[in-house]
Amino acid sequence: MKCDRFIEALGAKIKILEVTRQCEDQVTALVEVNDLPEAVRFLYYDMGGYLSTMIANDERSINKHYALYYALSMEGGKMFAGDEIAQDEKCFVTIKVLISPDSLTYPSVTPLVPACVWYEREAYDMFGLVAEGLPDKRRLVLSDDWPDNLFPLRKDAMDYRYRPDMKEHYNEPEYEFLRPEGSGIIDVPLGPLHVTADEPGHFRLFCDGDTIVDADYRLFYQHRGMEKLAENRMNYDQMGYLAERVCGICGYAHAIACIEAAEKAINLEIPARAQAIRIICSEIERLHSHLLNIGLACEVTGNYNAFMHIFRIREYSMKLAELVTGGRKTYGNVVMGGLRRDMTGHEIKESLRILKIIETQADEVWDAVMDDPRQMKRWKGVGILDKQVARDFSAVGPNIRGSGIKRDTRYDHPYDFFKQIEFNVAVVEGGDVFAREMVRYMELKSSVSIIRQCFELMPQTAIIIDPTFHVKPEDFALAYVEAPRGENVHWIMQGSAQKVFRWRCRAATYNNWPSLRFQFRGNTIADAALIVCSLDPCYSCTERITVVDIKSKKSKILTNKDLKEFSKTLKNSPMKDLR
Amino acid sequence: MNILFLILTLPFVCGVIMFVMPLKFKLLQNLHILLSIAVSALLLSAVGKVVEGAELSAFHNFIFLDSLGAIFLSLIAITGLLVNIYATTYMKWELEEGHITLREVKNYFALSFIFTATMSLSVVCNNIAFMWAAIEATTLASVFLVAVKKDKSSTESGYKYIVLCSIGLAFALYATILLYSAANGKVEGEAMLYTNLLANAASIDTMALKLVFIFALIGFGTKAGLAPTHTWLPDVHAEGPAPTSALLSGVLLKCAMLGLIRYYAIVANGAGFDFVQNVMIISGTLTLFISSFFLIRQHNVKRMFAYHSIAHMGVIAFGLGVGGAIGLFAALFHCAAHSFTKALAFCSTGNIARIYGTKDMTKMGGMIHIAPLTAVLFGIAICSLVGVPGFAIFVSEFLIFKAAAIDGSYLLMGLFAVALAIIFIADFSHFFLATFGKVEGKVEHNSEMKLGENFPLIALAILIVAFGVWQFDSFTLLLDESVKTIMKQ
Amino acid sequence: MDFFYLLLQLVSAILVAPLFDGISRKLRAKFQSRIGPSVFQTYYDIYKLLKRGRTKSHSTSYIYQISPYLMFITAAAMFCALPITYSTHSVILSQFSDIFVLLYLGALFRFIFIVAGIDTANPFAGVSASREGTIGFYTEEVAVICLIVVMMGTGSSNLPFITSLVQEGTYGYAIPSFSIASTAFLWVMYVETGRKPYDLAEAEQELQEGVLGEFCGKDFAIIDVAILLKQFAVLGFFLVIFMPWRFEHPLLSLIVFLAEVGFLYVMGVFIDNFGPRFTINKGMKRTMLFALSVSCASLVLYIMGI
Amino acid sequence: MQTIYTLFLLTSLLSILLYKKPLLAQKLGFGLACVISLYAAIFFFSNLKETLIWELPGNFISAPVFRLDSLGMLFSFLVSLIAFAVSLYSFEYVKFYEKKANLAVFASLFNAFILSMLLVIASDNVFSFMLLWELMTLISALLILINDGKGAAKNVMIYLGIAQIGAFCLMVALLIMASFAGGFEFSAFDELNIGFGMSMTLFSLLLIGFGSKAGMFPFHVWLPLAYCQSPSNASALMSGVMIKVALFAFIKFSLFLPQFVQFGYILLFFGALSCVFGIIYALISNDYKASIAYSSCENVGIIFLGLGGAFYGLGTNSPMIALLGFIAALFHILNHAIFKSLLFMLSGNVYTATKTRDMDALGGLHKKMPITSIIFFIAALSICALPPLNGFASEWVIYKTMVTGGIEEGVVSRFFFALAIIALSITGAMAIMAFSKIYGAIFLGIARDTKSIEEAKEVSFMMLLPLGLLASFCVGIGIFMNDVVGILSKIVLTLIPQTNVSTYGFISMPIILMVMFLCAILPFVFLYLLKANNKEVRITDPWACGFLYNKSMQIGSNAFTGDIRKALSFILKYESEIKLDGYFSKAVYTHKTHDFFWDKLYEPVIHSIMLIADKIGIFQNGRTNLYAGYILIYLCLILIFGYYYI
């Protein structure tokens, strides 16, 4: 069976307490707490693993302990040609440890495997689990005014409706940034409200003149408590919709990943047509996402003309999505066992026509951009992600492929219909913004081809199988989808009554953030926004705004429609009926 | 009685008197001052007579006093007196701190008169052999002043002093003999007498004279501290008590220089000025540069001044080398200027050593706050030494530049300027180290000396400044006369 | 009378400038397959700004308060230094209209711009103030090298005098150094207008509106007008030296000049619309080097007496 | 005129005699200095066209004669004028040094310094000139040492070292000139009959000698070090006036030489070098006093450009260019004296209030010291040569000279004049950056290091009065530039007669002002007509992208020049290093720039001298037999060499 080789090798070095198998390519090994760093390091560096996710879990109701799961994707280090595990041996190995609620401490893996840093910081925020020896113990997820001893993901911590009082903004405690030592450095804040950073995140650039000496960041402004929201409350059909709302751009990948995690746990095989359409949707998502990113990469350098034209093309991909799913952006068609909506032949034909348009026009614009030496100068050599850094931090998606590491979940762990589709993994050496945009462009092209293949190979079967299934409590499984930004990993532990016990959703960008600091260094402020943009960080968008009258303290919530209406006509001022 | 005879006997008598005095410091001190004044007054009166135009001679011209000698005699008188006065204060401090016994002090006082006597003798000798002997005698007389303490390093430096100077002076003796043999029969009258030799220099064999001058340069140069035969000088000057160093550097070196100048005069008039000037320029340049490089790394204040003595001997040699009326004038002026300056410099090191208990300048600092007057005096000494205008030494350096400019030897001007610049920078950096900033080491005597104790220093400082800006007609007259004698104009 | 026409020259420029800005915005939108704003949008913007309330940061001092007016005065004075409605005949004004006066008024504008930026204590304002200074360093010498050719060629730094010489044809494009200088000078003047790809100090994409980040309301409106005026002044600077079209009647030459400058301004769209912005270190330096070598070439030609 | 000299001497002596009563001495010393220098200023100004001679009685060496001609009068006037302002300022200012030094000594040195400068200007023979020149150097060195700060001794040492090398150059040059002239009185120096090579050498020696004192590149290295160390009133005098004395002497002596056109080129080249490099270093420095000091180098460069034009004019027999050049140089000398001493005194205000010289620690001082701030603003505008202030006026005349010079036929002259204009324009652009930075970093924004400005408060009226006076000079001279040019041209005509002068083609500052005033009305008219929103301004934090504002977000002096340092790293050898220990530690950022000339010119010399000094020690190892060996070897060598070859 897959995975056994790794378990054996691990067993030769470290005492394994227990091995459980979740599905064909997923195995979990329980080890002693003190062996944890060595076990993870061994699998990561010696056996060629990448850290896919790490899950902290409050299992006191099950085994009176907290548990940590370090899920490693065993695919080879890929640092040089041939440094890769054979295709049929690639799998996921999870190292599990149990932590006693009395001590709440475990040895940190980060000093050995830097990729763990955010996970271990988050484990403290959410569960109060202290990683001994973690070099960076600052708060990661929770806001700075969050009470100190309240760990929201503990099962007994807090009611999900409960939320601590907010502080006034000027009373917020100051976050401690890693300000470099040395004189004459200016702190340039980028965000949370900044013209080019559409996402609310705060980047602190430490600059000497225009040169970035070092950078630090404070993110999670949009933390919405979704994992808490899902626990013990939602059934699996609802989960799909919730997961899709994790992200405004690549929500669909989350939806599939989440549902497939549940399907994996019960070894449910969905119909081929459903598989194909899931792939089509996710590739359409990749299309528009990459177009968006390439456009933005032009825009942040000031090339509005290219930006406008790329967005014009992106409009076609939205139309395509509408044809396939009925929704322009948020498709909402994934359910346990398959899909909700099928396609007609006419829609397929129309889709193929639009695909053609997208392909030709994207080529035209891309050529124009490539021909502009000024644009190339802005992209080349900027924001270089060193190959070793990428390896150490388990970066994903175009970010790591731009650094010359051939890492693509569709290729490493083919899921669904991908087993039947031929495509090339886009890998570009260089690690700079240009390399990442090039990867995106190549993927854009391959997405078009994948969609075409899917339309061709798509069998005429049902799109859903009868979702009568029974989930076993305490079973868990991992699902993975290559979203436009990289691998999305969802981990679900089943609870009783067909509800989720613990849902861990790890979006692609989560693995890309920690190495950003090293991409910033040595570049200029002008490039900072471009570098962030080339990472293609996940946006969490909202389409509601609140109007507040500061005098009367009254407010009114406007929908997108209201707002647009008012902006266009200047009638029905929202200021009239504040409550 | 001939005044020249008195000059030679009185100091000797004074020395004997000091020897037989009882061991009472107060008495010794007052007597020493009194006798010093008497001796100096005598010497100066002799000088006075020369200024008035008298030719003094005794014992059938065996000893004589010309204007050249008068210059040096006045140095012995003035510098010697002030240093001797300072010596009483200095010895008082040494006694108080128990570095020295009263008997040693008495011996010191007595010997200093003998020393004065030998120096006077070397100045007034007309017989060149006898002059050589007198200079050798100064070595012997002064060695006890250096080794007054009788500890190991004192004795060792005394030994080094005798051995090296004697080796050097042996060559001078050879020069003397050579000169005598070359001149004997060719000059009218006694061929041992300087006056005769100078008057008839032209008739002596040129090649012999050249050889004579080279040996004289080595011989008297060793004693005077010209490089590279200067090597004994830093050790000896750094070792003895401050007043001794002041006397050695301020007066004794000049006496040796006088010997060389006398040979310079004879040879120049015999073998031509070009030869002596070239040799002196080589010697002077060498001395200047070697000493200036040595100066850079000297942190011991007394060693620094010792190297300064060498440097200034180099300046004198350079002045002689540039030659011409102005050059010679400058060289002779420099003898006087350096005498006062160096006396002040070494005496101020006495004060400094008392304040800090060390001679290492890196361990000093903040002197301007502890003892402002000493710092100012020290500063004046340094300023004068490095040739800051307004102080005596600048005048002679300026004149050397002037001589070179008029002569058209621009290369020499450049060389001289470079060497002086190095000395300037090396010196001032040391001076600032000691005077300003914070105190680096410990301070033993945290206050200014008494004004009376500083009197000789202030007098020297006033002399330095006065010679730097004012023109003393009688002194200038002496210099002009001497230059005329040498140049035979 | 001179002063009346001078005032007319200034006021008409202020009134017309936003229109050309509007036209160029419209044109730019067309290139980007957008509908774009109305051609009068710039007027609306300024008017709206005048009606807005103001905030200021607590760090600001008197510099913040007076800088909009100082900038306006400087920009206006720069524009006045262009001999459009007057010429060598006007004894008084030709004592004012001098190349160095114009250059140093530009420097004064930059000085105030930088100081005002630092005064707000805003990080973006500070960084872009630094960029503004650096751009000045890059452009100044190119501009001056070009002007040296002109000044030494005509023997004067007096603008009306140079204008009349060039228009009469006594001095002009027949001389190679002059014509080469004109190209480099046009580049510098374009950079000085602060438009893409050289809008570094104002690079709102990365710097949130640059130096002016903290300005608002009527202050901002005045600065907007001042910047428009400065853009017109520097383009005019090129025109009066290298393309003087003067007529006997001051009004006629004013109208022709405004049309000329407006045309040049709108044509800027063909540069600023395409391609990305430069960064201060890379693109700026390279294009500067190119312009510098062009200007140096013209200077060498002059020096060689060709 | 002897009265003035005597009075200064007496004041100086009186102050030192009141050694035990420093406060009284300070009041008397500086008070009297103020009165005397005011009198002196009036005296010299009213006698601007006279020639006065005074012979010092007594039997001094080389009988010193003091002679003041028109040029000397002008410089004496300048010295007295600035001395007046500075002593008025010092009256209060020196109290800050009460603990550091004896104020009696300070007052005495101060008076002696003024006296020495006046006497240098007036001295009329080589010996007394050299004497007073070095005296001036020495007193200024002592004034620097008043501060007695860390490393003061070393910096003063560099100052004295370079000054001494310069002095030797001067001495050599003057003596050679004297030997050709056949007399040591300067009045005998006219019409030296020397060839091209010799006069070139002499000119170079004079340039090195006076240039090193004036802070010309590459002999500038002492200047920022010394001015940073000294008390601000001393810096004001040194930079404001002492530099000018050197320039005066340079003009005076180099006019004695037969004129060649190459002199002009040399001056233009070094002037260009000085002004560009000076301003570069002024720009990148984070110490405001060092910046202002480097800007002195820059301004000396500008003055040399003017002089270069003048000497070119003399060399080619074009009196118009010579006249313009001299006027330009003198005009800039006058202006620089005013605004540079003003800036140094202002920096004194800042330093006494904040006790720091690091601009990265300052900020927001305007709120605490509004008047100082506004005067600083005027001074900064003026030193940046912005219209309508005096700096612009004199730079305009320099430009005028260059343009006039560049018209001439001849590749070389055109090249050098073009070079000069380019250098001047680069300087202008960078001066804008440098001084906007200095002003901004010190006075605007908010305090970067709150501690430093917490206790800052505006200085007393007595200290502001002279500053206000000088600031009004900045404005006044700017506006009445054509009148000043008229006065200066009359003085220059005594140097190079047979020229007629007119200010035809000059700009008119009042008209510039008038136009600006006209423009100033417009915005208010517009605001009124369009009924702008005049509501009260709301006060907020500076915008920090919605994040909590932090004072380290405002740009500091160092970060401000980040780009330019990078762009100029081929000169500055800018090096930066980010050290990081592992992935998660704080970075350590270090960066430094090098003084190009120090590295390339001084360091190797110093290094090799030190190397020789270290190595030479082995010859003196205390072994007597070795020493005896030296004697023998030396004997052999000198015998062989001396006996056979000479």
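Every chain is numbered from 1, with letters handed out A, B, ... down the list of sequences.
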Partner chain C: residue of [options] with the largest heavy-atom pair count (under 4.5 Å):
options                : answer
D/L424, D/V412, D/N534 : D/N534
D/F443, D/F417, D/F524 : D/F524
D/G363, D/G428, D/A385 : D/A385
D/L527, D/T561, D/I521 : D/L527
D/Y399, D/F415, D/F392 : D/Y399
D/I446, D/I564, D/D563 : D/D563

Side chain to side chain donor-acceptor pair (under 3.5 Å) partners of D/S576, counting only residues at least two apart: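 None.
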Test side chain to side chain donor-acceptor pair (under 3.5 Å) applied to C/S12 - qualifying residues, sequence neighbours left out: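 Side chain to side chain donor-acceptor pair (under 3.5 Å) check on C/S12 returns nothing, list empty.
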Below 4.5 Å from any heavy atom of chain C, which atoms of [X] appear? Answer side chain, backbone, both or neither.
X      : result
D/E395 : side chain
D/M509 : neither
D/K551 : neither
D/S413 : neither
D/L389 : neither
D/S425 : both

If you compare all heavy atoms of [X] against all heavy atoms of [Y], which two are closest, and at what distance to 0.1 Å?
X      : Y      : result
D/I374 : D/H366 : CG1-CE1, 4.3 Å
C/L212 : C/F113 : CD2-CE1, 3.9 Å
D/I407 : C/Y302 : CA-OH, 3.9 Å
D/K367 : D/G445 : NZ-O, 4.2 Å
D/R565 : D/I284 : CG-CG2, 3.5 Å
D/M516 : C/L108 : CE-CD2, 4.0 Å

Heavy-atom contacts under 4.5 Å, residues 64-74 of chain C to chain D: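 When heavy atoms of chain D are the reference, residues 64-74 of chain C contributes C/Y69, C/F72, C/I73 within the under-4.5 Å range.
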Using heavy-atom distances under 4.5 Å, tell me whether [X] contacts chain D through its side chain, its backbone, both, or neither.
X      : answer
C/I14  : side chain
C/I148 : side chain
C/Y47  : side chain
C/N158 : neither
C/I92  : both
C/I112 : neither
C/T134 : both
C/L105 : both

Stepwise ring-ring contact (aromatic ring centres under 6.0 Å, His included) test for D/W396 and D/F506: CA-CA 9 Å; D/W396 190 87; D/F506 273 44; 5.2 Å; yes
Mutual orientation of the aromatic rings belonging to D/F416 and D/Y265 [parallel < 30°, tilted 30-60°, perpendicular > 60°]: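 Parallel.
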Residues which pass salt bridge (charged side-chain N to carboxylate O under 4.0 Å, His left out) with C/E141, listed by chain and number, not counting sequence neighbours: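 With neighbours one apart ignored, the set is empty.
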CA sep, side-chain torsions, deciding dist, call: C/R110, C/E132, salt bridge (Lys or Arg N to Asp or Glu O under 4.0 Å): CA-CA 7 Å; C/R110 180 168 283 136; C/E132 180 70 33; 3.4 Å; yes
With chain D as the partner, which of [options] has the greatest number of non-hydrogen pairs under 4.5 Å?
options                : value
C/A77, C/A107, C/G136  : C/A107
C/L50, C/I303, C/I118  : C/I303
C/L147, C/I63, C/V225  : C/I63
C/G126, C/S130, C/A143 : C/S130
C/K51, C/M151, C/M304  : C/K51
C/S97, C/S59, C/G133   : C/S59

Ionic contact status for D/E458 with D/K368, cut-off 4.0 Å: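 No, no charged N to carboxylate O under 4.0 Å.
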Side-chain donor-acceptor pair present, C/Q9, C/T85, cut-off under 3.5 Å: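 Yes.
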C/R54 CZ: over 12 foreign heavy atoms closer than 6.0 Å: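 Counting other residues, nucleotides and ligands, CZ of C/R54 exceeds 12 neighbours.
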Over 12 non-hydrogen atoms of neighbours within 6.0 angstrom of CZ in D/F480: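 Check fails, neighbour count at 12 or below.
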Side chain to side chain, C/P83 and C/L93, heavy atoms closer than 4.5 Å: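 Not touching, per the 4.5 Å side-chain cut-off.
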Worked verdict on D/F377 versus D/Y439 for ring-ring contact (aromatic ring centres under 6.0 Å, His included): CA-CA 7 Å; D/F377 188 62; D/Y439 182 65; 5.2 Å; yes
